[in-house]
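Data first, discussion second: the structure below is written as structure tokens.
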Protein chains: 2
Amino acid sequence: MGKAGTKGVSRAERERQIVDVAVEEFGRHGYAGVSVTAVAQRAGISKPLVYSYFDSKDGLYLACVHEVGGLLVDAVAAARSRSGSTGHALDTLGALFTAVEQRRHAWSVLYDPALPPTGELRDAVRRYRGRLAAMGAAGAAQLLTRAGHDDRLDHELLNDVWQHAVTAVMRWWSDHPDQSAAEMSARCARLLTALGAG
Amino acid sequence: MGKAGTKGVSRAERERQIVDVAVEEFGRHGYAGVSVTAVAQRAGISKPLVYSYFDSKDGLYLACVHEVGGLLVDAVAAARSRSGSTGHALDTLGALFTAVEQRRHAWSVLYDPALPPTGELRDAVRRYRGRLAAMGAAGAAQLLTRAGHDDRLDHELLNDVWQHAVTAVMRWWSDHPDQSAAEMSARCARLLTALGAG
DNA sequence: GCTGGGTAAATTACTGATGGGTCACATGGT
DNA sequence: ACCATGTGACCCATCAGTAATTTACCCAGC
């Protein structure tokens, strides 16, 4: 690469570039599978610059978490407010699809199962997951109570299953880049009706 | 540690011990999150012995894959033959629960999303996943065709969602060690009926 | 019944590569 | 001249993988 010296890119702009690259890399290969060097190279800069802006690998991942966490939470909240408090699953899914159509690996950043099990990173991830679960699974709770079940652990488990199901859809979408958000919505609509759930 | 020299443990027995430990470690922390040294320590032996028996880290993981792959495929096959070719999802789940009650991390070994994307390991995992999908999702295919949908990609996606849903249940179970296999079956029965699927 | 060697079961100590993280320094704009 | 932007080179821990060696078991032949 060329010599040192500024290239006319402001810190804020550079941070956005780095986070963009990092979200895709972390989403693809997971926290453990990505090296800071790799992110720096794909962003066209050197490793110390990443550290100068984000302090550590965890700091970089944390920035990604806040980026995609905010995106997803906002999308689901907006969908819920549009379709009333009894938001159906399909509306939530559709909102997620359009929100991440340009950044399809965003979801995986929040749902990497191999994160370091301690520290601030884990806490931030859990907070965002919790907020998504609280919103996305209000409908699930309705389902259960309507069926006469109100076991607390049942609710927990159903939440987990729902979030993993979304993960499955998102990963499948990553493997089928030709599919549009609208097509994904239609596909999920077919699946949901075939399953008999509204 | 003590000196060198045999401790009166045969190779076959030692291999079983190592694979047992490795399945748990790999299931907990994923392929990338486990070092061969850690497996050796938890098995009470030294690293070179692991290499002498399994050649490489991939070789060790491969042994784990065959172990749990065989276990799971056999369990699902038996459940299917018991409940006729139109095996319901609940029977499959119950068979899985009892099969892995003593090794609850087995499923995660087959469904680690961060495996090295090339090589024999990936192929073996894909084979076992494929066999499980073919059996477990025959019922899903019925669901879709009965609802009038026969899109090939829809089937693919539904398969993925089903397998991720099982992953979710298995991970939840790992986090709730007090639950028995029977309780898990009952819980999943409640969830399935609440969802309206049979 | 002892002895001695062949072999299986083990270990300590190394190597080479990679990855997180740091330092001293270089460059460009204002 | 100053500060933000930017880099090459380095440090240290860890990890996959590999000698070289050491100990215990087993079984011939005397």
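Naming convention: chains lettered A, B, ... in sequence-line order (proteins, then strands); numbering from 1 in each chain.
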Under the ring-ring contact (aromatic ring centres under 6.0 Å, His included) rule, what do His164(A) and Tyr111(A) come out as? Steps first, then yes or no, please.
CA-CA 8 Å; His164(A) 271 71; Tyr111(A) 289 89; 7.5 Å; no

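At a threshold of 4.0 angstrom between heavy atoms, the contacts of Val34(B) are confined to the sugar-phosphate backbone, with no base atom among them. Residue contacts shown for Ser46(A) include a base, since a base heavy atom lies under 4.0 Å away. Note on Ser52(A): nothing from the nucleic acid sits closer than 4.0 angstrom, heavy atoms only.
Of all non-hydrogen atoms in Gln179(B) and Glu183(B), the two that sit nearest each other are CA-OE1, 3.4 Å. Of all heavy-atom pairs spanning Val169(B) and Leu157(A), the tightest one is CA-CD1, 4.0 Å. In this structure, Ser52(B) and Arg11(B) approach most closely via the heavy-atom pair O-NH2, 4.0 Å.
Judged by atom type and distance alone, Lys57(B) does not reach the base of dG17(D) through any side-chain donor-acceptor pair under 3.5 Å. With hydrogens and angles ignored, a donor-acceptor pair under 3.5 angstrom links the side chain of Lys47(B) to the base of dG17(D).
Aromatic ring pairs are classed by plane angle as parallel below 30°, tilted from 30° to 60° and perpendicular above 60°; the pair Phe26(B) and Tyr31(B) is parallel.
Rounding to whole angstrom units, CD of residue Glu25(B) and C1' of dA16(D) are separated by 17 Å. Taking atom CD of Glu13(A) as the reference point, atom C1' of dA4(D) lies 14 Å away to the nearest angstrom. Whole-Å rounding puts the Leu49(B) CG to dA13(C) C1' distance at 16 Å. Between Tyr31(A) atom OH and dG19(C) atom P there is a gap of 13 Å when expressed in whole angstrom units. Note: CZ (Phe54(B)) to P (dT18(D)) measures 16 Å, nearest angstrom. For the pair Arg16(B) CZ and dA9(C) C1', the computed distance is 16 Å after rounding to whole Å. The separation between Phe26(B) atom CZ and dA16(D) atom C1' is 12 Å, rounded to whole Å. Rounded to an integer number of Å, the gap from Gln41(B) CD to dA16(D) P is 12 Å.
Considering only side-chain atoms of Val9(A), the nucleotide from dG6(D), dC15(D), dT11(C) that sits closest is dG6(D). For Pro48(B), taking side-chain heavy atoms from C-beta onward, the closest of the listed nucleotides dT5(D), dT18(D), dA10(C) is dT18(D). Set against dA9(C), dA10(C), dT7(D), the side chain of Ala4(B) has dA10(C) as its closest nucleotide.
Side chain of His29(B) to backbone of Glu25(B): no donor-acceptor contact under 3.5 angstrom is found.
For dA4(D), the OP1/OP2 oxygens have no side-chain nitrogen or oxygen of Tyr53(A) closer than 4.0 Å. Contact annotation: Arg14(B) side-chain N/O to dA8(C) OP1/OP2 distance is not under 4.0 Å. Distances shown here put a side-chain N or O of Lys7(B) below 4.0 Å from the OP1 or OP2 atom of dT11(C).
When the nearest nucleotides of DNA chain C are assigned to Ser10(B) and Tyr51(A) by heavy-atom distance, the more 5′-ward of the two goes with Ser10(B). For the pair Gly5(A) and Thr6(B), nearest-nucleotide mapping onto DNA chain C gives the more 5' position to Thr6(B).
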